[in-house]
K.L.:
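Before I ask anything, here is the structure I am working with.
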Amino acid sequence: MVLEAIWIDERFRGQGHGRRLLLEAVRIAKDAGCCAVNTHCLSFQSPGFFHKLGYATYGVVDVAVDGDTEDLLIKRL
């Protein structure tokens with residue numbers, strides 16, 4: 001499964017909504033017979049959030065936007 005985007009409005013961050021969304025994505029992927037969930041995020045966003053939920057960075061791309069990078073992330077199921 002490729003997870004294209006997840007965004008939680010700042011007013012609702014830190015309340016577990018993002019975690020629940022990612023756990024639901026994993027459930028859907030497993031039910032569909034997927035072997036992994038693949039996503040990406042910019043370095044100023046939240047790669048640490050994904051790491052806490054078991055995603056591993058498998059690549060980093062220099063996107064040349066104010067020194068930011070894009071983390072390529074995967075969670076094997």
Side-chain angles (χ1 to χ4, degrees):
M1 169 189 271
V2 175
L3 181 62
E4 287 293 329
I6 180 173
W7 184 262
I8 305 297
D9 187 282
E10 286 186 39
R11 296 172 295 165
F12 302 106
R13 292 182 189 165
Q15 299 175 33
H17 300 300
R19 183 179 197 285
R20 284 191 295 278
L21 282 171
L22 284 181
L23 291 174
E24 180 64 8
V26 166
R27 186 196 63 75
I28 291 168
K30 285 179 179 178
D31 288 353
C34 297
C35 62
V37 178
N38 187 318
T39 193
H40 59 93
C41 72
L42 295 173
S43 56
F44 67 84
Q45 291 173 320
S46 54
F49 168 72
F50 288 96
H51 294 155
K52 288 179 187 175
L53 293 172
Y55 289 75
T57 296
Y58 68 89
V60 177
V61 179
D62 180 4
V63 292
V65 178
D66 296 328
D68 291 314
T69 59
E70 180 178 17
D71 283 46
L72 309 176
L73 301 149
I74 192 165
K75 179 174 181 135
R76 301 207 185 276
L77 305 178

K.L.:
Please enumerate all residues that pass side-chain hydrogen bond (donor to acceptor under 3.5 Å, both in side chains) together with Ser43, with sequence neighbours excluded.
P.N.:
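Ser43 satisfies side-chain hydrogen bond (donor to acceptor under 3.5 Å, both in side chains) with Asp68 only.
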K.L.:
Mind checking what makes salt bridge (charged side-chain N to carboxylate O under 4.0 Å, His left out) contact with Glu10, not counting sequence neighbours?
P.N.:
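Partners of Glu10 under the salt bridge (charged side-chain N to carboxylate O under 4.0 Å, His left out) test: none.
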K.L.:
Closest approach of Cys34 and Leu77, non-hydrogen atoms and distance?
P.N.:
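Taking every non-hydrogen atom into account, O-CD1, 3.6 Å.
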K.L.:
Yes or no on side chain to side chain contact (heavy atoms under 4.5 Å, CB included) for Thr39 and Leu22, after CA distance, side-chain angles and deciding distance?
P.N.:
CA-CA 11 Å; Thr39 193; Leu22 284 181; over 6 Å; no
K.L.:
Out of curiosity, Gln45 CD to Ile6 CD1, how far, rounded to the nearest 0.5 Å?
P.N.:
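Atom-to-atom, Gln45:CD and Ile6:CD1 are 11.0 Å apart.
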K.L.:
Does one hydrophobic cluster hold both Leu3 and Ile28, with members joined at side-chain heavy-atom distances below 4.5 Å?
P.N.:
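Yes: a chain of side-chain contacts under 4.5 Å links Leu3 to Ile28.
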K.L.:
Between Glu4 and His40, which heavy-atom pair has the shortest distance, and what is it?
P.N.:
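Looking at all heavy atoms of both residues, the closest pair is O-NE2, 4.0 Å.
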K.L.:
Using a 4.5 Å cut-off on heavy atoms from C-beta on, say whether the side chain of Met1 contacts that of Val26.
P.N.:
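Val26 does not reach Met1 side chain to side chain.
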K.L.:
Sequence neighbours left out, what passes salt bridge (charged side-chain N to carboxylate O under 4.0 Å, His left out) with Arg11? Give chain and number order.
P.N.:
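Arg11 satisfies salt bridge (charged side-chain N to carboxylate O under 4.0 Å, His left out) with Asp9 only.
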K.L.:
Going by the rule salt bridge (charged side-chain N to carboxylate O under 4.0 Å, His left out), which residues pair with Arg27 if we only count those two or more places apart in sequence or in a different chain?
P.N.:
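For Arg27, the residues satisfying salt bridge (charged side-chain N to carboxylate O under 4.0 Å, His left out) (neighbours in sequence not counted) are Glu24, Asp31.
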K.L.:
State the OH-CD1 distance between Tyr55 and Ile74, to the nearest 0.5 angstrom.
P.N.:
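Taking OH in Tyr55 and CD1 in Ile74, the distance rounds to 10.0 Å.
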K.L.:
Is the side chain of Lys75 donor-acceptor paired with the backbone N or O of Leu53 at a distance under 3.5 Å, no angle test?
P.N.:
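Answer holds: yes.
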K.L.:
Applying a strict under-4.5 Å side-chain criterion to I, L, V, M, F, W and Y, I'd like to know whether Phe50 and Leu21 cluster together.
P.N.:
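As far as the 4.5 Å side-chain criterion goes, Leu21 and Phe50 are connected within one cluster.
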K.L.:
Identify the two heavy atoms, one from Gly18 and one from Phe49, that lie closest to each other, and give their separation to 0.1 Å.
P.N.:
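Smallest heavy-atom distance, with atoms named: C-CZ, 3.5 Å.
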K.L.:
Using 0.5 Å steps for rounding, measure from the OG1 atom of Thr69 to the CG atom of Leu42.
P.N.:
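Rounded to the nearest 0.5 Å, the OG1-CG separation comes out at 7.5 Å.
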K.L.:
If Ile, Leu, Val, Met, Phe, Trp and Tyr residues are connected whenever their side-chain heavy atoms lie under 4.5 Å apart, and connections chain through other members, are Trp7 and Val37 in the same group?
P.N.:
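Trp7 does not cluster with Val37.
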K.L.:
Count the heavy atoms of every other residue, nucleotide or ligand shown that sit under 6.0 Å from CZ of Arg13, and state whether that count exceeds 12.
P.N.:
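Counting other residues, nucleotides and ligands, CZ of Arg13 exceeds 12 neighbours.
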K.L.:
Can you list the residues that meet the side-chain hydrogen bond (donor to acceptor under 3.5 Å, both in side chains) rule with Arg76, with sequence neighbours excluded?
P.N.:
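By the side-chain hydrogen bond (donor to acceptor under 3.5 Å, both in side chains) rule, Arg76 matches no residue at all.
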K.L.:
Please name all residues satisfying side-chain hydrogen bond (donor to acceptor under 3.5 Å, both in side chains) with Asp62, sequence neighbours left out, ordered by chain then number.
P.N.:
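Residues passing side-chain hydrogen bond (donor to acceptor under 3.5 Å, both in side chains) with Asp62: none at all.
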